[in-house]
K.L.:
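Sharing a structure, written as structure tokens. Questions coming.
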There are 2 protein chains.
Amino acid sequence: MESEELRNVGLKVTTPRLKILGLLENAKSKHMTAETIYRQLSESGEVIGLATVYRALAQFEAAGLITRHQFEGGQTVFELERGPHHDHIVCVRCGRVEEFYDKVIEDRQREIAEKLGFTLSDHALTLYGECSGGTCTAKNG
Amino acid sequence: MESEELRNVGLKVTTPRLKILGLLENAKSKHMTAETIYRQLSESGEVIGLATVYRALAQFEAAGLITRHQFEGGQTVFELERGPHHDHIVCVRCGRVEEFYDKVIEDRQREIAEKLGFTLSDHALTLYGECSGGTCTAKNG
DNA sequence: TCTCACTTGAGATTCATTCTCACCAACCAG
DNA sequence: CTGGTTGGTGAGAATGAATCTCAAGTGAGA
């Protein structure tokens, strides 16, 4: 139950928050912008202000329910915090986002940070390229 | 001579471009925002519009003279393209930026992109952590 | 020096995000 | 179940980074 999730992180259970969380859990595309969420909610008849979407997303992020990714080109997407860590590859033409995980890279990162005298707390790895074939035509995926 | 660099990449040699390029070459901090560049030029008495700064930086980037990096927090910094490719590790406490290059990671990235059906055009890898010892105290380095 | 295409500066504009504020709804007490 | 308090909400204004517009300016070849 989504209300549980909200209560667990100390957020009051409200209709907008439930709708937004529900959308994130059921959306076909895992990575959504605030605008996309707002538009999809509007289309399903919900009257939820854009400001509320941004507010809720910020709170969810602070609570660790979702993660924010800032890709180049000003595209900021949110993703439900589920499953293991992964990085992203973004198509610069159609905006499609794929996920990947590579142990070699992960390990190297830690080694590099250590060698430079840093205690690694986080990292952002995003690859940019063009995806091939018919998948890359639409405006989004 | 900076005018050479401009001519070589097919840009007309103008005062604003020379000033901006010169600032990038002499600045104490390698990574600068457009705003910072604009402010520093203004402070040294140059009358250069912010729009011109953005335009010039975009042109320099297109010409390969400089590189654009988008770190967390939406801060976009520019850096003179000198020496080989490298990625960054940023101290989340003091803001210090170190550079590194790792062939293993570079190679893996290309392999991953290929495996996923992407033609890699670029990548952004930034590590975040805390740098150790006395180096990490000031507000910047 | 003259000319013209390319540049520039100031301000308007855009776009994503955040803020403001009057109104409203969730939750606890009764 | 109901009313009060407190925090949440929506609409639109405000912000800030970046881009565009356009009249005026300037580099560089003739």
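All chains are named by letter (A, B, ...) in the order of the sequence lines, taking the proteins before the strands, and each is independently numbered beginning at 1. Computed over heavy atoms, backbone and side chain alike; hydrogens, waters and symmetry mates excluded.
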K.L.:
Side chains of B:Glu79 and B:His88: donor-acceptor distance under 3.5 Å anywhere?
P.N.:
yes
K.L.:
Hey, are A:Glu72 and B:Arg68 close enough for a salt bridge, meaning a charged N less than 4.0 Å from a carboxylate O?
P.N.:
no
K.L.:
To the nearest angstrom, how far is B:Leu57 atom CG from C:dT7 atom C1'?
P.N.:
15 Å
K.L.:
Are A:Glu130 and B:Thr119 close enough that a side-chain donor and a side-chain acceptor fall under 3.5 Å?
P.N.:
no
K.L.:
May I have the distance from B:Tyr38 (atom OH) to C:dT8 (atom P), rounded to whole angstrom?
P.N.:
15 Å
K.L.:
With a 3.5 Å cut-off and sequence neighbours excluded, list the donor-acceptor pairs that the side chains of residues 46-57 of chain B form with protein atoms.
P.N.:
{"from": "B:Glu46", "atom 1": "OE2", "to": "B:Lys19", "atom 2": "NZ", "distance (Å)": "3.4"}
{"from": "B:Thr52", "atom 1": "OG1", "to": "B:Arg55", "atom 2": "NH2", "distance (Å)": "3.2"}

K.L.:
Specify the separation, in whole Å, of atom CD of A:Gln59 and atom P of C:dC19.
P.N.:
12 Å
K.L.:
What integer distance in Å separates A:Glu46:CD from D:dG10:P?
P.N.:
10 Å
K.L.:
Within this structure, what is the CD-to-P distance between A:Gln70 and C:dC15, rounded to whole angstrom?
P.N.:
19 Å
K.L.:
Check this for me: does any side-chain nitrogen of one of B:Glu106 and B:Arg108 sit under 4.0 Å from a carboxylate oxygen of the other?
P.N.:
no
K.L.:
Does CD belonging to B:Glu114 count more than 12 external heavy atoms closer than 6.0 Å?
P.N.:
no
K.L.:
How many Å lie between CG on A:Leu6 and P on C:dA26, as a whole number?
P.N.:
13 Å
K.L.:
Take nucleotides 17-30 of chain D nucleotide by nucleotide from the 5' end and write B, S or -, depending on whether a protein heavy atom sits under 4.0 Å from the base, only from the sugar-phosphate, or from neither.
P.N.:
SBBBB-----SS--
K.L.:
So does B:Thr52 get a side-chain nitrogen or oxygen closer than 4.0 Å to the phosphate oxygens (OP1/OP2) of C:dT8?
P.N.:
no
